[in-house]
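Single-structure report; data block below.
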Amino acid sequence: MLSYVYRLVAEFRENHGYAPNLLYVNEDHLNRLLSELDDALGVDHIMQLLGMDLVINNEISHPHLAWVDKRWKSRAAL
């Protein structure tokens, strides 16, 4: 899963000329990411490692990326 996300990031950068700051995943994707890393580190560590915030939405079938102007606070900042 992690290598898939890194490929998505590389494609996003190539297509847009800048890095994404949001990763959309469902709970299964998130659990795979957690298991590939260290489950004990948690979601905040994944966000820090990837350098982007996570949006967890169980209605999506494939992870995807976006860039948004972050004038809002992420869950990690609350």
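Counting from 1, the numbers follow the sequence of the chain as shown. In this text, all values refer to a predicted model and were calculated from it rather than measured experimentally. All heavy atoms count here, side chains included; hydrogens, waters and symmetry mates do not.
Remark: L30 CG to S35 OG distance equals 9.5 Å, nearest 0.5 Å. The line from CE of M1 to CG of L34 is 10.5 Å long, rounded to the nearest 0.5 Å. Remark: L8 CG to L50 CG distance equals 11.0 Å, nearest 0.5 Å. Atoms OH and CG, on Y24 and L54 in that order, are 11.0 Å from each other to the nearest 0.5 Å. Distance CG/D44 to CG/D53: 9.5 Å, rounded to 0.5 Å.
A side-chain contact (heavy atoms from CB on, under 4.5 Å) with E36 is found for exactly one of L2, V5, N31, namely L2.
Residue N26 comes nearest to I56 through the heavy atom pair C-CG2, 4.2 Å, listed as atom of the first residue, atom of the second, then distance. V68 approaches N21 most closely through the heavy-atom pair O-ND2, 2.8 Å.
A donor-acceptor distance shorter than 3.5 angstrom exists from the side chain of N58 to the backbone of E27, with no hydrogens or angles considered.
Using a 30° and 60° split on the angle between ring planes, Y18 and F12 fall in the perpendicular class, above 60°.
Residues L49 and L37 have side chains in contact (heavy-atom distance under 4.5 Å, counting atoms from C-beta outward). A heavy-atom distance below 4.5 Å is found between the side chains of P63 and Y4.
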**Request:** Check the pair M52 / L65 against side chain to side chain contact (heavy atoms under 4.5 Å, CB included), numbers first and verdict last.
**Result:** CA-CA 10 Å; M52 62 183 98; L65 302 167; 3.8 Å; yes
**Request:** Check step by step if side chain to side chain contact (heavy atoms under 4.5 Å, CB included) holds for V9 and L23.
**Result:** CA-CA 9 Å; V9 169; L23 171 62; over 6 Å; no
